[in-house]
Every structure is written in C-alpha cells, then in structure tokens.
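One structure is given here, and the rest of the page talks about it.
Remember, it's 1-based here, ligands and their atoms both numbered in the order they're listed.
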Amino acid sequence: MLTPQYVKASIDGRIGRIRLNRPERYNALNRAMIREIVEAMERFDQDETVAVIVLNGEGKSFSAGADIEEMVDATPVSMELLDPFADWDRISRLHKPLIAAVHGFVLGGGFELALACDLIYATPETQFAFPEVGLGVMPGAGGTQRLTKRIGRTRALEWLWTGDRMPASEAQQLGIINRIVEADQLEAHVLTVAERIAAQPVMSVRLIKDAVDKAGNLSLQDGMDHERRNFYLLFGTNDQTEGMQAFVEKRQPTFKGN
Ligand code: CAA
C-alpha cells in the first residue's frame with residue numbers, strides 16, 4: 001500500500017483515528033482520498049487492537065464533498081468504467097462502530113460520508129447540505145437513500161431539491177446527528193463515547209450493529225428472527241459468561257473481547 005496522501009490514520013488506545021487531510025480544498029474528496037479513507041477503515045476493521053473508528057476533518061470543515069474538478073469533464077461512459085462510488089460501498093460492510101465528528105461544511109459527498117457512519121457528532125456551527133442539484137447532478141454515493149431512510153421522503157426531497165444548508169440544530173431535530181457539542185469539546189466528547197463503546201463486550205457491539213442494520217432492509221419478523229440468532233450466538237462468548245456471572249456474584253465484569 002502507498003503512503004496515504006490525503007488522510008492521516010493513527011491508533012489512539014483502542015480507537016482508530018482517520019483525519020481527512022486536504023484542508024486547502026475543504027477536504028474535497030477525490031477518488032484517491034476516498035480509497036485512502038476506505039482502506040484505513042478496512043485496516044482498522046481487521047485490527048484486533050482497534051475497537052472503534054473515529055473520523056474527522058482537518059482545517060475549517062469536515063468536507064465540501066466530492067472533488068468537482070475531478071468530475072468536470074466526466075462522461076457517462078467514463079463514470080461507468082471508473083465506477084468512482086464503488087469504493088464507498090465497502091464502508092457498509094465494516095463491522096466496527098464508525099463515529100463521525102464533523103464541523104464547518106458537511107456538503108455533498110462529505111454529508112454522504114458522515115451518513116455512512118454509525119454515529120455523528122457536530123459543532124453548533126456545522127452546516128449540512130446536498131448542493132449537487134445546483135451543479136446539474138445529484139448525490140451519487142448514497143445521499144438520496146440514506147437521507148430518505150433517516151428523515152422520510154417528503155423532507156428528504158425538500159433538502160435535495162433546494163440544496164439548502166441545514167443547520168446542526170435542525171439536523172439534530174431530524175435525528176440525522178446524535179448530538180451537538182461545542183467545537184473545543186468535540187474531539188474529547190467523541191473520544192469519550194468511543195472509549196465507552198470500546199470498553200463494551202466486542203461481540204455484543206458487533207452483533208448489535210449487525211442486527212440494527214437489518215432493521216432498514218428486512219421485514220419486522222425477519223429482522224426479529226435475525227436479532228434472535230445473534231442473541232443466541234452471544235451465549236457462545238466468554239464475555240456473556242463473564243457478564244452474567246459477574247451480575248450474579250455482584251461484582252464488576254472484566255471483559256476479554258471474545
Ligand atoms: N471540489 C473541488 N474543489 C473544491 C470543492 C469541491 N467540492 N470545494 C471547495 N473546493 C476548493 C475551491 O475550488 C477552492 O480552491 P482554490 O483555492 O484552488 O480556488 C478551495 O477549495 C477553497 O474554496 P472556496 O474558495 O470556494 O472557499 P469558500 O469559503 O468561498 O467556499 C464552500 C467554501 C462553500 C465549501 C465552496 O467551496 C463550495 O460550495 N464548494 C462546493 C460544494 C459542493 O458543491 N459540493 C458537492 C460536490 S458534488 C458531490 O459531492 C457528489 C456526490 O454525491 C459524491
């Protein structure tokens with residue numbers, strides 16, 4: 001693998017950190033940058049020392065979206081042959097919790113990247129938008145699907161058709177983001193949440209994400225059947241034995257992550 005050019009990736013305790021690092025372009029996402037982000041995520045997803053992955057942007061903003069200059073001369077054929085969004089699909093296949101800490105502009109592909117994460121924390125000044133309509137295109141990396149699943153068709157269409165900027169307060173009201181945190185506390189807050197999740201039994205965290213993901217795609221009964229299989233599976237883990245034994249013995253559990 002080549003040295004990443006557009007992201008900084010590091011491990012901090014049990015947290016895999018990925019920082020978008022193209023601040024002079026508002027972290028506009030070119031194809032190489034997306035590939036670097038996805039490769040760092042996949043590396044952390046398979047690294048047993050990492051429990052949670054945290055994503056944030058360097059500079060004034062999280063990301064102003066896909067790199068427009070890279071797409072300006074594209075044709076349907078070049079798009080079809082390159083399939084620039086194929087790498088994005090790999091994010092949905094990750095098993096570990098992904099947390100986005102966002103600030104400034106979260107636009108277009110930047111918004112799609114945040115929506116592909118499991119939890120989103122934002123500063124009060126953060127502005128979200130899908131400005132693609134004003135470029136004569138539309139979101140292409142999941143925006144129409146993920147936004148609609150989050151807030152429903154009627155509201156999604158209004159944001160997508162107008163391209164208006166959605167303030168963090170409204171994004172929170174709509175259930176798009178988890179919480180608003182002051183800029184100087186955002187990183188510490190997100191790391192605290194990440195560490196809390198990292199301290200939980202690994203297999204529970206993993207199978208909860210797996211079951212919650214099914215809620216969007218399966219019927220209620222199929223989703224519940226899937227949930228139940230995950231529940232039964234957890235009785236094969238040492239952490240289930242320890243968690244329940246500790247409760248019965250009235251002591252704190254010590255989880256081993258298996
Ligand atoms: N692609 C490429 N370059 C970008 C960019 C983008 N998405 N966003 C910003 N930049 C570049 C600018 O061209 C500029 O470069 P130069 O210094 O070389 O001129 C630099 O970043 C700074 O930007 P501005 O001078 O425009 O800064 P500003 O403070 O006046 O405005 C902004 C900031 C509101 C983010 C504005 O740059 C902007 O509107 N950017 C485009 C946002 C956008 O339309 N995003 C959607 C992209 S399409 C997409 O994402 C499709 C998809 O579904 C994946």
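The Gly108 neighbourhood of ligand 1 comprises atoms 50 (O), with distances under 4.0 Å to a heavy atom of that residue. Each of the following atoms of ligand 1 lies closer than 4.0 Å to a heavy atom of Glu112: 52 (C), 53 (O), 54 (C). Near Leu107, the atoms of ligand 1 lying under 4.0 angstrom from a non-hydrogen atom of the residue are 35 (C), 42 (C). Near Arg165, meaning under 4.0 Å from any of its heavy atoms, are these atoms of ligand 1: 34 (C). Against a heavy-atom cut-off of under 4.0 Å, Glu24 is close to the following atoms of ligand 1: 20 (C), 21 (O). Using a 4.0 Å cut-off to heavy atoms of Phe105, the atoms of ligand 1 that qualify are 33 (C), 34 (C), 35 (C).
Separating the NZ atom in Lys8 from the CD1 atom in Ile18 is a distance of 13.5 Å, to the nearest 0.5 Å. Atom CD1 of residue Ile177 and atom CE of residue Met166 lie 9.5 Å apart, to the nearest 0.5 angstrom.
Between Ala64 and ligand 1, a contact under 3.5 Å exists for at least one N or O pair. Polar contact with ligand 1: present for Tyr26 (N/O pair, distance under 3.5 Å). The shortest N or O to N or O distance between Phe85 and ligand 1 is not under 3.5 Å. Residue Ala66 has at least one N or O atom closer than 3.5 Å to an N or O atom of ligand 1. Every N/O-N/O distance between Pro131 and ligand 1 stays at or above 3.5 Å. Close N/O approach between Leu135 and ligand 1 is not found [any backbone or side-chain N/O within under 3.5 Å].
At a heavy-atom distance under 4.0 Å, atoms from both the backbone and the side chain of Asp67 approach ligand 1. With a heavy-atom cut-off of 4.0 Å, Arg25 touches ligand 1 through backbone and side chain alike.
Atom 36 (C) of ligand 1 is never approached by the protein to below 4.0 angstrom, counting heavy atoms only. Distance check for atom 17 (O) of ligand 1: every protein heavy atom is found at 4.0 Å or beyond. Distance check for atom 8 (N) of ligand 1: a protein heavy atom is found below 4.0 Å.
Around atom 51 (C) of ligand 1, the closest heavy atom drawn from Glu132, Arg22, Gln127 belongs to Glu132.
Of the candidates Glu58, Met33, Gln5, Arg22 forms a side-chain contact (heavy atoms from CB on, under 4.5 Å) with just one, namely Met33.
Heavy-atom separations between Glu70 and ligand 1 are all 4.0 Å or longer. Residue Gly143 places no heavy atom under 4.0 Å from ligand 1.
The pair Arg17-Glu187 meets the salt-bridge criterion, with a side-chain N (NZ, NE, NH1 or NH2) lying under 4.0 Å from an Asp/Glu carboxylate O. Salt-bridge annotation for Glu242 and Arg251: present, with a side-chain N of the basic residue lying under 4.0 Å from a carboxylate O of the acidic one.
Within a 6.0 Å radius of CD in Gln185, more than 12 heavy atoms belonging to other residues, nucleotides or ligands are found.
For an aromatic pair to be called close, the ring centres must be under 6.0 Å apart, and Phe105 with Phe62 fails this.
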Check: Hey, mind stepping through Lys96 and Glu42 against salt bridge (charged side-chain N to carboxylate O under 4.0 Å, His left out) and telling me if it holds?
Finding: CA-CA 10 Å; Lys96 291 183 182 165; Glu42 287 176 339; over 6 Å; no
Next item on the list: Would you please test Glu249 and Gln245 for side-chain hydrogen bond (donor to acceptor under 3.5 Å, both in side chains) and show each step?
Entry: CA-CA 6 Å; Glu249 292 169 10; Gln245 202 62 44; 3.0 Å; yes
Next item on the list: Decide salt bridge (charged side-chain N to carboxylate O under 4.0 Å, His left out) for Arg25 and Glu69; before the verdict, give the C-alpha distance in whole Å, the side-chain angles of both, and the deciding distance to 0.1 Å.
Entry: CA-CA 11 Å; Arg25 297 242 149 199; Glu69 283 181 27; 2.9 Å; yes
Checklist line | CA sep, side-chain torsions, deciding dist, call: Arg229, Asp225, salt bridge (charged side-chain N to carboxylate O under 4.0 Å, His left out) | finding: CA-CA 6 Å; Arg229 277 194 292 276; Asp225 289 345; 5.6 Å; no
Margin query: Assess the residue pair Arg146 and Ser92 against the criterion (side-chain hydrogen bond (donor to acceptor under 3.5 Å, both in side chains)); give the C-alpha distance rounded to whole Å, side-chain angles, the decisive distance to 0.1 Å, and a yes or no.
Written below: CA-CA 11 Å; Arg146 288 202 167 98; Ser92 322; 3.2 Å; yes
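Ranking protein heavy atoms by distance to atom 4 (C) of ligand 1, first place goes to Ala28 CB, 4.1 Å.
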